[in-house]
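Below you'll find the structure, written out as structure tokens, and then a few comments.
For the numbers below, each heavy atom of this structure counts, side chains included, while hydrogens, waters and symmetry mates do not. Position 1 is the first residue of the sequence; numbering continues from there.
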Amino acid sequence: MKCPFCGYEESKVIDSRPTDEGEKIRRRRECISCASRFTTYEIIESVPIMIIKKDKSRESFNRDKLLKGMVRACEKRPVAIDTLEKIVDEIEAEIQNSLDREITSDKIGELVMDKLKDVDEVAYVRFASVYRQFKDINTFMSELKKLLTD
């Protein structure tokens, strides 16, 4: 951090605390060169995650839309909404932790299917049928056979 008084580029942190809103960190610093003290504020940089859809258009990541699709796949199944919200949390965390700020809808679909397969096989097949857009009974059957062999 550059000192505002002498321009020296090194300082040490004397005190660090969150602001009243809790969205920033206030840091008291002391310049190593001139011993002047100054305050800096640190904020979290929020860069939205963009989803690249199949038609190459882009839209921001929407966790509600993801949850709604999973709820639809789990209709009339013994899957708790808390379980689905936990899956959405895990997927969102995985996306946020990746270094990419853009992800394809295909990748998100695969993440959802991996998670649903362990929770409810019928919900998995329902989601896969919409996600993979099964054209006929043969593609549907091949997906079922993969499920049975796993």
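- Of all the heavy atoms in G69 and F127, the pair that sits closest is O-CD1, 4.2 Å.
- Expressed to the nearest 0.5 Å, how far CZ of R126 lies from CZ of R72 amounts to 12.0 Å.
- Side chains of D55 and S57: a donor-acceptor N/O pair is present below 3.5 angstrom, by distance only.
- Residues I49 and E102 form no side-chain contact, since every pair of their non-hydrogen atoms from C-beta on lies 4.5 Å or further apart.
- For the side-chain contact (heavy atoms from CB on, under 4.5 Å) test with V79, the passing option among I87, V119, V122 is V119; the others fail.
- Although no hydrogens or angles enter the test, the distance criterion places a donor-acceptor pair under 3.5 Å between the side chain of N62 and the main chain of D64.
- Residues I103 and F61 form no side-chain contact, since every pair of their non-hydrogen atoms from C-beta on lies 4.5 Å or further apart.
- Note that CE of M113 and NZ of K117 are 7.5 Å apart. Values are rounded to the nearest 0.5 Å.
- Note: S60 OG to M50 CE = 5.0 Å, rounded to the nearest 0.5 Å.
- F5 and V13 are not part of a single hydrophobic cluster, where members link through side-chain heavy atoms under 4.5 Å apart.
- In this structure, the side chains of R63 and I91 stay at 4.5 Å or more apart for every pair of heavy atoms.
- No side-chain heavy atom of I52 sits less than 4.5 Å from a side-chain heavy atom of K107.
- By the 4.5 Å heavy-atom criterion applied to side chains, E42 and T40 are not counted as neighbours.
- Counting only heavy atoms from C-beta outward, the side chains of K115 and M70 never approach each other to under 4.5 Å.
- Rounded to the nearest 0.5 Å, atoms CD1 (I14) and CZ (R37) are 4.5 Å apart.
- In this structure, E10 places its CD atom where only 12 or fewer heavy-atom neighbours from other residues, nucleotides or ligands lie under 6.0 Å away.
- In this structure, CE in M1 is found 13.0 Å from CD1 in I32, a value given to the nearest 0.5 Å.
- Proximity of C3 to S33: side-chain heavy atoms (C-beta onward) are nowhere separated by under 4.5 Å.
- Annotation: side chain of L84 is in contact with side chain of L116 (closest heavy-atom distance under 4.5 Å).
- To the nearest 0.5 Å, atoms OG1 (T39) and CZ (R29) are separated by 10.0 Å.
- Residues C31 and F38 share a closest heavy-atom pair of N-CE2, 4.2 Å.
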